[in-house]
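Here's the structure we're looking at; comments come further down.
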Amino acid sequence: MSTREPPIVLPATSPATSPANSAAIIFIHGLGDTAEGPSAVAEQFQRAGKLPYMSWTIPNAVEDRDLGTTAWYMPTRLSPYPPSRPELEDDEDEDGMLRSVTYITGLIDELVAQGVPEKRIVLAGFSQGHVVTLLTGLTSKYAGKLGGLVGLSGYMAIPERVQALREEGGLPRDVQDGVELFLARGTGDRLVPKRYHRLCCEALAKYGVKDEALTIKEYEGMGHVMGGAELRDLCEWLERVVPPLDG
């Protein structure tokens, strides 16, 4: 049995004059965290007067009683070295991941119902949130329609299933939409080894994502955290891909 707390919602500090000019970000936390974690980042942006036209929706993962913590899906071991045989890779929790994609898709539905244009919505996530962001942005009904995707300190899960999931959802097998992605990690991250960052970039290229749509950042010595330099770069990227429309 598992339970989920409702999202934390931070309205724009300087709301747009009309819903058509509004913008929103959905930020998905990592394993073992809650919406309180990313909400501190959102509040930091708002106190600094950054992205005042943008609202923040910060969802909570379910509290998994078997796992003993919050999780968007059952985690697997992320080894810095590939296994000697492919069949030795841990099975990934595709069902759990897709349930999370369905939940996040519902949150996008709510924003769209409020009048926020799809192209003015950015989906972002840290660690497991990075995984759910990419799967939602690549395989859900909003694939190719959002303003941008942000993946921090994560990886590409079920990479061999993504194109089949796109086809099952009535999407083109290859990505041809030009949606921009911001991917970042720290070189000191021991929880998600560097090879997963490389495999993620290789998978995106295989799916058809163009180099010009990718902004890739690595931060020297940063561990499995969100760092100040990373957040500054993210803010600049957000201002560019979803700029203010009023004034």
Side-chain angles (χ1 to χ4, degrees), residues 2 4-5 7-8 25-42 44-45 56-64 67-80 89-101 103-104 107 122-139 148-159 162 181-201 203-204 214-231 233-234 237-238:
S2 56
R4 187 195 305 276
E5 293 295 321
I8 292 175
I25 183 168
I26 297 174
F27 200 111
I28 308 168
H29 68 71
L31 175 68
D33 199 4
T34 68
E36 293 288 347
S39 72
V41 173
Q44 181 181 326
F45 276 116
W56 295 73
T57 298
I58 308 165
N60 281 289
V62 295
E63 175 74 37
D64 189 301
L67 198 57
T69 190
T70 52
W72 295 101
Y73 55 88
M74 190 64 67
T76 52
R77 188 173 56 90
L78 301 176
S79 170
E89 288 273 21
D90 290 344
D91 290 336
E92 295 188 277
D93 179 18
E94 179 178 330
D95 289 345
M97 293 172 188
L98 296 184
R99 281 195 298 273
S100 292
V101 167
Y103 174 68
I104 298 300
L107 295 181
V122 172
L123 196 55
F126 173 80
S127 196
Q128 277 201 349
H130 174 300
V131 170
V132 176
T133 290
L134 291 190
L135 287 178
T136 306
L138 291 170
T139 69
L149 305 173
V150 176
L152 308 178
S153 301
Y155 61 101
M156 186 75 240
I158 53 171
V162 167
L181 290 90
F182 180 97
L183 302 179
R185 71 179 295 274
T187 61
D189 190 340
R190 297 180 180 275
L191 291 180
V192 183
K194 180 167 184 174
R195 78 180 186 96
Y196 287 92
H197 178 71
R198 174 177 53 80
L199 290 170
C200 178
C201 293
L204 291 170
L214 281 172
T215 298
I216 298 174
K217 300 281 188 179
E218 283 195 280
Y219 299 91
E220 189 64 37
M222 189 178 80
H224 196 68
V225 296
M226 288 182 277
E230 176 183 53
L231 294 175
D233 289 342
L234 173 59
W237 181 87
L238 287 167

Is the shortest heavy-atom distance from the side chain of [X] to the side chain of [Y] under 4.5 Å?
X	Y	answer
Pro159	Leu199	no
Met74	Leu67	yes
Ser100	Ile28	no
Phe27	Val150	no
Glu5	Thr34	no
Val192	Ser153	no

With sequence neighbours excluded, tell me which residues meet side-chain contact (heavy atoms from CB on, under 4.5 Å) with Val162.
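Result, side-chain contact (heavy atoms from CB on, under 4.5 Å) vs Val162: Leu135, Leu138, Thr139, Met156, Arg166, Tyr207.
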
List the residues meeting side-chain contact (heavy atoms from CB on, under 4.5 Å) with Ala229, not counting sequence neighbours, and say none if there are none.
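By the side-chain contact (heavy atoms from CB on, under 4.5 Å) rule, Ala229 matches Tyr219, Arg232.
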
Tell me, yes or no, whether the heavy-atom count around Glu36 atom CD, taken from other residues, nucleotides or ligands under 6.0 Å, exceeds 12.
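At most 12 heavy atoms, drawn from other residues, nucleotides or ligands, come within 6.0 Å of this atom.
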
Could you tell me whether Glu218 atom CD has more than 12 heavy atoms of other residues or ligands within 6.0 Å of it?
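Above 12, so yes.
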
Of all heavy-atom pairs between [X] and [Y], which one has the smallest distance, and what is that distance?
X	Y	answer
Glu230	Val225	OE1-O, 3.8 Å
Thr69	Gly32	OG1-CA, 3.1 Å
Val122	Trp237	CG1-CZ3, 4.2 Å
Phe45	Leu231	CZ-O, 3.6 Å

I need the [X] [atom1] to [Y] [atom2] distance, nearest 0.5 Å.
X	Y	atom1	atom2	answer
Leu183	Leu204	CG	CG	6.0 Å
Leu181	Thr133	CG	OG1	10.0 Å
Asp91	Thr76	CG	OG1	9.5 Å
Ile216	Phe182	CD1	CZ	10.5 Å
Met222	Lys217	CE	NZ	12.0 Å
Leu191	Leu31	CG	CG	9.0 Å

Report all side-chain donor-acceptor pairs from residues 123-132 shorter than 3.5 Å, counting only partners two or more places apart or in another chain.
residue: Ser127; atom: OG; partner: His224; partner atom: NE2; Å: 2.9
residue: Gln128; atom: OE1; partner: Trp72; partner atom: N; Å: 2.8
residue: Gln128; atom: NE2; partner: Tyr73; partner atom: O; Å: 3.1
residue: His130; atom: ND1; partner: Tyr155; partner atom: N; Å: 3.2
residue: His130; atom: ND1; partner: Tyr155; partner atom: O; Å: 3.2

Full working for side-chain contact (heavy atoms from CB on, under 4.5 Å) between Val62 and Arg99
CA-CA 11 Å; Val62 295; Arg99 281 195 298 273; over 6 Å; no

The test is side-chain contact (heavy atoms from CB on, under 4.5 Å); show your working for Arg185 and Tyr196 and say whether it passes.
CA-CA 10 Å; Arg185 71 179 295 274; Tyr196 287 92; over 6 Å; no

Going through the checks in order, is the side-chain contact (heavy atoms from CB on, under 4.5 Å) test met by His29 and Thr70?
CA-CA 10 Å; His29 68 71; Thr70 52; 4.2 Å; yes

When you measure from the side chain of Asn60 to the backbone of Ala35, do you find a donor-acceptor pair of N or O atoms at a distance under 3.5 Å?
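Present.
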
